[in-house]
Amino acid sequence: MSTQERKTETIPEWKREEVDDITDFLSRYESVGVVSITGIPSRQLQDMRRDLHGTAELRVSRNTLLERSLEEADDGLAELTGYVSGQVGLIGTNENPFGLYQQLEASKTSAPINAGEVAPNDIIVPEGDTGVDPGPFVGELQSVGANARIDEGSIKVMEDSKVLDAGEEVSGDLSNVLSELGIEPKEVGLDLRGVYAEGVLFEPEDLELDVEEYRSDVETAAAFGRNLAINASFPTAQTMPAQLSKATGEAKSLALQAAIEDPDVMPDLISKADGQVRALAANIDDPEALPEELQD
Amino acid sequence: MEYVYAALILNESGEELNEENLTNVLEAAGVDVEQSRVKALVAALEDVDIDEAVEEAAAVPATTGGAATGG
Amino acid sequence: MEYVYAALILNESGEELNEENLTNVLEAAGVDVEQSRVKALVAALEDVDIDEAVEEAAAVPATTGGAATGG
Amino acid sequence: MEYVYAALILNESGEELNEENLTNVLEAAGVDVEQSRVKALVAALEDVDIDEAVEEAAAVPATTGGAATGG
Amino acid sequence: MEYVYAALILNESGEELNEENLTNVLEAAGVDVEQSRVKALVAALEDVDIDEAVEEAAAVPATTGGAATGG
Amino acid sequence: MEYVYAALILNESGEELNEENLTNVLEAAGVDVEQSRVKALVAALEDVDIDEAVEEAAAVPATTGGAATGG
Amino acid sequence: MEYVYAALILNESGEELNEENLTNVLEAAGVDVEQSRVKALVAALEDVDIDEAVEEAAAVPATTGGAATGG
């Protein structure tokens with residue numbers, strides 16, 4: 001305790017105020033996350049702040065001060081300090097953290113990658129016509145590892161070609177090829193590393209929602225409800241037409257199989273008889289035994 | 001189905017589709033005829049165009065052949 | 001399904017599809033009628049076009065029977 | 001189809017499928033009952049396993065429908 | 001088709017499928033019977049399991065229906 | 001359908017499927033609960049294996065629906 | 001699926017599909033509610049047109065049932 005007290009005392013006044021301010025920020029929001037802001041130009045960062053307005057607030061400061069504030073916040077937020085490294089900021093929201101994650105992902109934009117930068121993910125040159133006339137560019141493509149050739153008057157990439165693994169450094173040649181092709185392999189935006197929401201720590205993979213899966217769950221649930229209503233013959237407004245159809249189908253099936261002389265099924269009974277007589281005729285080999293209409 | 005078959009024979013022979021004729025055909029085949037079914041059949045067929053129903057049925061088997069190979 | 005069948009009979013006879021009539025039909029058939037189910041059925045049928053639902057069903061088995069509706 | 005529905009109700013309630021019961025159900029529904037049709041129905045259903053016939057209704061159209069949407 | 005229908009009626013009634021019976025059924029229906037066809041039909045059906053052949057007809061249309069709408 | 005969904009939740013949570021529990025779930029969802037429908041549902045589900053009924057595609061009507069959209 | 005059923009009830013009752021309402025419905029059904037699942041569901045369903053999905057579900061079982069034959 002004594003060392004910490006001494007440390008606290010040595011903190012300059014402006015830092016103390018900054019920490020108080022961040023602590024105040026933290027207390028205003030139900031959910032707080034750490035976002036990476038690496039590589040975002042300050043003007044773009046301003047735009048992002050503005051877009052978030054009303055949903056979430058971004059707070060940037062020195063990492064040491066962010067960490068100190070999180071530790072002092074005293075309600076589990078300290079768990080977030082592990083995500084504070086590099087260029088980061090804190091994001092606070094009273095909205096659903098899943099919704100926040102989706103919003104941040106949606107706001108990401110692509111950007112070209114420069115020579116000397118590290119690839120954030122595998123870089124792929126996609127299959128297709130590059131639209132570039134035959135020339136030395138085909139050699140440049142081949143030299144960076146793309147399966148390219150000249151075909152019908154232009155340079156074509158024959159298959160999706162991985163030209164760099166994630167984590168490797170981009171060469172000058174590759175950077176030139178990518179920019180010629182208009183490929184922007186970087187995703188720029190606020191990258192959520194972790195969120196602490198009402199007592200639960202979420203990492204990005206927890207927050208990634210497969211909306212299609214939820215949609216299909218809704219369909220399944222609705223279909224299950226429908227099946228139950230119909231199979232248990234519980235009347236609901238939505239399933240009544242189906243239930244009536246089912247009852248009608250059952251009556252019709254019975255009438256057909258028992259050859260009940262009911263006007264509603266007579267055409268079907270006649271069809272059935274006709275089908276049977278034809279099926280039997282199909283088993284007769286001797287054309288002499290068949291009526292003219294079925295003889296060859 | 002024997003009652004329906006009998007009606008279809010009469011339809012093909014061109015004889016009138018009435019209770020008497022139906023009964024005759026069925027009795028000739030050794031069927032223990034129930035008059036109520038004959039009556040019900042004649043009534044049920046009153047508004048049915050038998051040839052049309054047969055034609056529609058005839059259209060199906062052709063499709064069947066196709067479905068078997070095509071499906 | 002007996003409740004639904006009863007509703008369909010009333011629909012064909014042209015009698016009003018209400019709780020009393022449904023109950024009468026079911027009781028005549030020896031069904032131990034539960035008023036709540038009768039009530040629920042009448043409520044569920046309020047906005048349903050029964051003839052339309054029945055026609056749709058009629059279209060399907062007709063195909064089955066062999067009368068080509070589609071083709 | 002009202003006669004057939006009446007038979008289906010009796011089948012579910014477990015009451016005997018005879019002319020009297022059928023007539024009662026139909027009359028309760030306000031149907032102007034024709035005795036010959038009732039008689040014919042009872043005769044037609046004499047040797048029929050109704051539950052089985054009804055089940056087949058469920059089995060067959062499923063195929064039909066599937067193809068319709070699937071195609 | 002009247003000759004084949006006559007065979008189907010005899011099959012259901014349980015009477016023997018012979019020339020005499022077939023002729024009787026057809027004549028009862030007012031058909032001007034050709035003995036050579038009757039003979040040929042009886043001979044051709046000798047080794048045919050009629051019930052089985054008829055059942056096949058019932059099975060086919062189910063598939064058919066789907067294909068007809070689906071295809 | 002909200003009544004059916006409520007039954008399905010109870011089925012999954014393992015709570016007893018009775019009128020009181022159904023009513024509680026529905027009221028928590030802001031539904032203006034009709035006791036007769038709750039009663040009818042409990043009665044309809046009495047002898048039903050819900051897990052099985054839920055997965056069994058409701059054959060005929062589903063078909064109809066499918067055909068309607070698919071065709 | 002209980003969380004999804006709860007969402008469907010709220011969708012029908014017209015109450016807002018939010019964390020509090022979902023939690024209430026589930027707790028009324030005796031479910032031991034996980035807040036993270038509730039949160040995820042609310043966020044995910046924001047981008048789902050529930051009415052549309054439900055309507056499609058009505059068409060789906062046909063496909064499911066027929067997939068075996070139709071596919």
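These values consider heavy atoms only, across backbone and side chains, with no hydrogens, waters or symmetry-generated copies.
For residues 21-35 of chain B, an interface with chain A (any heavy-atom pair closer than 4.5 Å) does not exist.
Across all their heavy atoms, A/Ala273 and B/Val4 have their closest contact at CB-CG1, 4.0 Å. Nearest heavy-atom pair, A/Ser271 versus B/Ala53, reported as atom, atom and distance to 0.1 Å: OG-O, 3.5 Å. In plain terms, the two heavy atoms of A/Ala259 and B/Arg37 that are nearest each other are O-NH2, 3.1 Å.
In this view, B/Asn11 and B/Asp51 satisfy the side chain to side chain donor-acceptor pair (under 3.5 Å) rule, not counting sequence neighbours.
The CG atom of B/Leu41 lies 5.0 Å from the CE atom of A/Met266; values are rounded to the nearest 0.5 Å.
Interface remark: A/Ala258 contributes backbone atoms only to the contact with chain B (heavy atom separation under 4.5 Å).
B/Leu8 places none of its side-chain heavy atoms less than 4.5 Å from the side chain of A/Asp274. Put simply, the side chain of B/Met1 reaches to within 4.5 Å of the side chain of A/Leu269, judged on heavy atoms.
Residue pairs that meet the side chain to side chain donor-acceptor pair (under 3.5 Å) test with at least one member in residues 122-138 of chain A, sequence neighbours left out, are A/Asp129-A/Ser154. Note on residues 174-186 of chain A: pairs passing side chain to side chain donor-acceptor pair (under 3.5 Å), not counting sequence neighbours, are A/Ser110-A/Glu184, A/Glu117-A/Lys186.
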